[in-house]
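Starting from 1, each residue takes its place in the sequence as its number. Ligands are counted one by one from 1 in listed order, and the atoms in each one are counted from 1 as well.
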Amino acid sequence: MAHNHSELHGNNESVLLKKTEENPFESMMQRFDIAADILKLDKGVYDYLKTPARQYIVSIPIQMDNGQVEVFEGYRVIHNDILGPSKGGIRYSPDLDLTEVKALAAWMTWKCAILNIPFGGAKGGVKCDPTKLTKGELERITRRYTASMMDVFGEEKDIPAPDMGTNEQTMAWIMDTYSMHIRHTETAVVTGKPIILGGSEGRKEATGRGVMQVSVTAMNKLGIDPTKSNVVVQGFGNVGSISAKLLAEQGCKIIGISDVTGGYYNKNGIDINNAIEYAEKNKTLNGFTGGDKLTQEELLELECDVLIPAAKEDQITGKNASKIKAKIITEGANGPTTALADPILKEKGILVIPDILANAGGVTVSYFEWVQDRVGYYWTLDRVNRRLQRMMRIAFDSVFETSVKYNVTLRIAAYILAIDKVAKSLKLRGIYA
Ligand code: NAD
């Protein structure tokens, strides 16, 4: 497709953008409103889709290793299950709150719709700091949280997955606790499990693989040769480290990486395998000598071809967007860019591949895992990766075509595509009363 650069950036959504406070739910709603306006969404459908279907808050009392009881708060928000059982990760984070979970749940609805996955959207988590808890405490929190969600979770109802602060082990505990309650092993109730327990080949790398794929596609569209490109990655967990590794394998030079301990810069390129090894051994990048230390702000503002925020929400905001010097931003994290930053980035001509497309590789392979668990037949890594690549390519092309059709950014195009699909399904199903 021969589209010029300006076609990738629409011009009619900034007019509709209202000033707002910067938080993930507000940011999500701002984009939703713009897309709903363009689609001329019926008021009733609008109200239906903006409201989560169900929200649960549970109290999780745990006996800590020192014998004291501590009480944690757990959440699960089902944003929507029109397209199928709801799907979404479980986040363990000290500053988690219901607003954040609501935004993340809605993003899952849109993400599944864009990827043509027959799932609705959900998200959950526990307000806790996993880095300060022992393995035993984490296991008890996870099991008690799962026990409280027995009526919510289910392979036909609501299927959790890993997110920030949770991993394969957490998913194994969820699967085991759920299975104990229903008196038989049910692997399909959760995805992102260890392969030995019914997990899928390629799931762990899937989000990073999708991020790599859309980044390379975008570079090709802008005429950037990946083997001559400079890439900066914020966040060095599952998504960040694997995106960096796979892009390095494509010949990209990774000049900056960061994690919670700060940023690391090397103009000659960071040895990513070395950084991964270091982070695995030391838990963080703290003390990593493969690059010069710099702050998170400096890292985000580095001159580069592709910037991949892959840590958390609200990193590129109305305050720093004007200082971003990347040509492409691939959103590995959910909600790393606030709604206030959108028009600034557009003005600067930066191509943003939105989270609900860019990081959808994870939920895509989670869907494959669920399919394999339910059929009881497991695919090879090669088959998983080929199917992932195909679904990501189709989704990218659909979002891109929508952006050209409506003359909007890829982000607004992604929302238009998703909201239209869910709204059409809702109309066909009708409102049960
Ligand atoms: P993770 O817990 O594996 O890693 C998070 C990383 O971010 C860590 O390296 C941490 O040190 C770093 N970090 C935390 N705060 C930071 C800060 N203020 N500045 C810089 N770095 C910081 O989490 P993950 O699974 O890689 O998820 C990262 C993001 O990607 C989240 O937004 C998540 O919702 C999103 N996401 C994850 C998946 C998945 O499959 N894991 C799928 C889709 C989207």
*Of the listed options (Thr364, Asp314, Asn334), which comes nearest to atom 44 (C) of ligand 1 when hydrogens are ignored and any heavy atom counts?*
Asn334

_Residue part near ligand 1, for Glu313, under 4.0 Å between non-hydrogen atoms_ = neither

*Starting from atom 25 (O) of ligand 1, which protein heavy atom do you reach first, and at what distance in Å?*
Asn238 CB, 3.8 Å

*For Asp259, take its heavy atoms, then give the atoms of ligand 1 lying under 4.0 Å from any of them.*
9 (O), 11 (O), 20 (C), 21 (N), 22 (C)

_Side chain, backbone, both or neither: Asn359 near ligand 1, heavy atoms under 4.0 Å_ = both

*Which ligand 1 atoms are under 4.0 Å away from a heavy-atom of Gly165?*
2 (O)

*Any N/O of Asp163 closer than 3.5 Å to an N/O of ligand 1?*
yes

*CZ/Arg383 to CD/Glu201 distance, rounded to the nearest 0.5 angstrom?*
12.5 Å

*Would you tell me which option among Thr207, Val211, Ile356 has the nearest heavy-atom contact to atom 38 (C) of ligand 1?*
Thr207

_Distance under 6.0 Å and angle within 45° of ring axis: Lys221 vs Phe400_ = yes

*Would you mind telling me if ligand 1 is within reach of the side chain of Arg203, the backbone, both or neither, using heavy atoms under 4.0 Å?*
side chain

*Contact check: Val239 vs ligand 1, nitrogen or oxygen atoms, below 3.5 angstrom*: yes

*asked:* Restricting to side chain to side chain contact (heavy atoms under 4.5 Å, CB included), what partner residues turn up for Met180, sequence neighbours left out?
replied: Asp176

_Where ligand 1 meets Gln296 - atom numbers and elements under 4.0 angstrom, heavy-atom basis_ = 19 (N), 20 (C)

_From CA spacing to verdict: side chain to side chain donor-acceptor pair (under 3.5 Å), Tyr378, Asp373_ = CA-CA 8 Å; Tyr378 292 89; Asp373 283 338; 2.6 Å; yes

*Protein residue, atom and distance nearest to atom 9 (O) of ligand 1, heavy-atom basis*: Phe236 N, 3.0 Å

*What protein heavy atom sits nearest atom 14 (C) of ligand 1, and how far off is it?*
Val260 CB, 4.0 Å

*Which of the numbered atoms in ligand 1 are below 4.0 angstrom from a heavy atom of Ala333?*
29 (C), 30 (O), 32 (O), 35 (C)

*Nearest protein heavy atom with distance in Å, relative to atom 31 (C) of ligand 1*: Ala311 O, 3.4 Å

*Within a reach of under 6.0 Å around OH of Tyr46, are more than 12 heavy atoms found that belong to other residues, nucleotides or ligands?*
yes

_Closer than 4.0 Å to some heavy atom of Arg91 - which atoms of ligand 1 meet that?_
31 (C), 32 (O), 33 (C), 34 (O)

*Using a heavy-atom cut-off of under 4.0 Å, does the side chain or the backbone of Ser241 touch ligand 1, or both, or neither?*
neither

*Counting N and O atoms only, with roles assigned by atom type, does the side chain of Asn230 sit under 3.5 Å from a partner on the main chain of Ile255, one being a donor and the other an acceptor?*
no

_Crowding at CD, Glu249 (>12 non-hydrogen neighbours, <6.0 Å)_ = yes

*Give yes or no for whether the N/O distance cutoff of 3.5 Å, strictly under, is met between Pro162 and ligand 1.*
no

*Any chance you could lay out the ring-ring contact (aromatic ring centres under 6.0 Å, His included) test for Tyr56 and Tyr75, step after step, and finish with the verdict?*
CA-CA 6 Å; Tyr56 304 89; Tyr75 312 91; over 10 Å; no

*Given Gln315, Met164, Lys312, Met108, which one has a non-hydrogen atom that is nearest to atom 27 (O) of ligand 1?*
Met164

*asked:* For Glu26, is there any backbone N or O sitting under 3.5 Å from a side-chain donor or acceptor partner on Asn23?
replied: yes

*Heavy-atom distance to atom 5 (C) of ligand 1: which of Gly361, Gly263, Gly237 wins?*
Gly237

*State, without any angle test, whether Lys193 and Ser200 hold a side-chain donor-acceptor pair at a distance under 3.5 Å.*
no

*Lys/Arg N to Asp/Glu carboxylate O, Asp342 vs Arg31, below 4.0 Å*: yes

*Just distances here: any N/O of Gly240 and N/O of ligand 1 closer than 3.5 Å?*
no

*Given Phe288, which of Phe236, Tyr265, Tyr278 fulfils the ring-ring contact (aromatic ring centres under 6.0 Å, His included) condition?*
Tyr278

_Under 3.5 Å, is there a donor on one side chain and an acceptor on the other for Asp129 and Thr131?_
yes

